[in-house]
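Note: hydrogens, waters and symmetry copies are ignored here, and every other heavy atom, side chains too, is used. Both counts, for ligands and for their atoms, begin at 1 and track the order of listing.
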Amino acid sequence: MAQILIIDDHDSMREGLDLLLRRRGHRTHVAENGASGMALLEENGVDLVITDLRMSGMDGLEVLGAVRERYPDTEVLVITAYGTIETAVEAMKLGATDFLTKPFSSEEFGVKVERLIQTKEERERLRRENRSLRVENTYLRELDQGKEARYGDIVGESAPMQRVFRWIDRVARSESTVMVYGESGTGKELVARAIHAGSSRKDGPFVRVNCGALSDSLLDSELFGHEKGAFTGAERRRRGRFELADGGSLFLDEVATVAPQTQVRLLRVLQERELERVGGEETIGVDVRIIAATNLSPDQLLDGNGFRQDLFYRLHVVPLTLPPLRVRKEDIPVLVRHFIEKLRDRTCSPVNTVTTAALERLSSYEWPGNVRELENVVERALVLADGPELDEDDLPPFGVHEGGLTPGPDPVLSVDGTDLNSVVEGMEERLLRQALSRAHGVKAEAARLLGLKPSALYYKLEKYGIEP
Ligand SMILES: Nc1ncnc2c1ncn2[C@@H]1O[C@H](COP(=O)(O)OP(=O)(O)OP(=O)(O)O)[C@@H](O)[C@H]1O
Ligand SMILES: [Mg+2]
């Protein structure tokens, strides 16, 4: 099964291809123009992009160029209406993996797609083998023979996580500033640590600052240090985290919450690689690699959230977006096994395996709190279980289950820098969709599940544009 993105401005074509692929068991994303296709790609990462050549706005060749530039490992199948050799040749020159000329039969299409996916898998396997020969002494560890289901402490065998691993591998060796995006609990901190551990600075310090947890003035002196007497209570000189991270990496966590005045100071260090302590005049040079993280999207950072554009561009040098767990549920089994290993001793649990039924139930939930929420559920289950096998019955209540609808265990959300409304709306929308799907689209039943009056449900469905 592969993840495939279809971009075509023709409704019937797009829907037809979508249906064919889904019937073959693939997971699909569809877009009616190049720009929204690229956005979907950004969000999900796919194995194969199928794009029409002629579209208004961003056309197929532009899509191809953009995919080649940013996702060199993604295959691109171009569909051309003309059957003229020229356009097809041009597309191949620009790096299309293959092309298909309209009209074509569903068999032709199916065969082509399967072949593309196979070549991709084959290439990846070869690359993995090559690499595993090379990496004996590096940070990369293999979980079980031939299968790279982990990268250091980061576990995942889904295509998007495999891409993340490759990305870390490449980026770690550079000195570039990295910006890690991702919802809460997707592993941003783990990635930051892995980048440090894979870099030439690995023997230097890894220093983390949680920008969201400190008040504006505290953050200033925490980052840049202060001189004796700089403010009341500053009884002695203190070096800031930038200085402490000298020769290593500084992880600016929840960077979106940094106050405007501190943003200006940050910008200066990023540009000049030097700083003054609060209340000090001496200029101090620092040799630090910056890794920043936020649970906002780049767009949210830029639109009126008080984040300076110039600072954004200084940080957004090499961006990475970690996919939410709900788009890579294939990772749930390896993650669960990893957490059993990791937490068994701490929880004094007799558990050493997990049943398929338990995994299925865990996979039926959308995990708004992502991997962290999953880890919490596994930890609680380990505490509750009394045999060596973790079964469905050992799972604590979470998400949607027979008892009714609950929003799951306290989703771990960081308070600072969180837009409460958007978080609440996100959960509301998810619950509405879950209720509708459980009610098989019967609105009255969905309303009952949610304890809402039908009119309130209609209003909310309208608000989120949800159609049963
Ligand atoms: N791919 C993964 N493999 C193993 N453990 C993971 C993975 N992703 C996350 N975790 C675990 O989930 C928890 C949350 O991860 P982390 O703190 O890195 O998330 P985060 O993106 O920084 O979240 P937040 O925005 O809430 O701070 C940690 O305990 C981490 O070890
Ligand atoms: Mg974090």
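- Annotation for ligand 1: atoms under 4.0 Å from non-hydrogen atoms of L335 are 2 (C), 3 (N), 4 (C).
- A search for salt bridge (Lys or Arg N to Asp or Glu O under 4.0 Å) contacts involving R239 returns nothing, not counting sequence neighbours.
- Heavy-atom separations between D153 and ligand 1 include at least one value shorter than 4.0 Å.
- Judged by distance alone, the side chain of K329 and the main-chain N or O of S363 form a donor-acceptor pair under 3.5 Å.
- When every heavy atom of V317 is checked against every heavy atom of S176, the shortest pair comes out as CG1-CB, 4.5 Å.
- Listed by atom number, the atoms of ligand 1 under 4.0 Å from F339 heavy atoms are 5 (N).
- Close approach to V155 involves these atoms of ligand 1, each under 4.0 Å from a residue heavy atom: 1 (N), 2 (C), 3 (N), 4 (C).
- Heavy-atom contacts of H338 reach the following atoms of ligand 1: 4 (C) (cutoff under 4.0 Å).
- On a distance-only criterion, V371 and ligand 1 share no N/O pair closer than 3.5 Å.
- In this structure a side-chain-to-backbone donor-acceptor pair under 3.5 Å is present from R273 to V288.
- By the 4.0 Å heavy-atom criterion, G156 is excluded from the residues contacting ligand 1.
- At under 3.5 Å, a nitrogen or oxygen of S184, whether backbone or side chain, sits near a nitrogen or oxygen of ligand 1.
- Between H196 and F206, the two ring planes are tilted [angle within 30° to 60°].
- When M179, H316, R308 are each tested for a side-chain contact (heavy atoms from CB on, under 4.5 Å) with L301, only one passes: M179.
- Nearest to atom 17 (O) of ligand 1 by heavy-atom distance, out of R372, M161, E375, E379, is R372.
- For the pair R372 (side chain) and S184 (backbone), a donor-acceptor distance under 3.5 Å is absent.
- Ligand 1 has an N or O atom lying under 3.5 Å from an N or O atom of K188, backbone or side chain.
- Atoms of ligand 1 lying under 4.0 Å from any heavy atom of K342, numbered from 1 in the order shown and given with element: 29 (O), 31 (O).
- Between the side chain of R265 and the backbone N or O of E276 there is at least one donor-acceptor pair closer than 3.5 Å.
- Under the 4.0 angstrom criterion for non-hydrogen atoms, R193 is not in contact with ligand 1.
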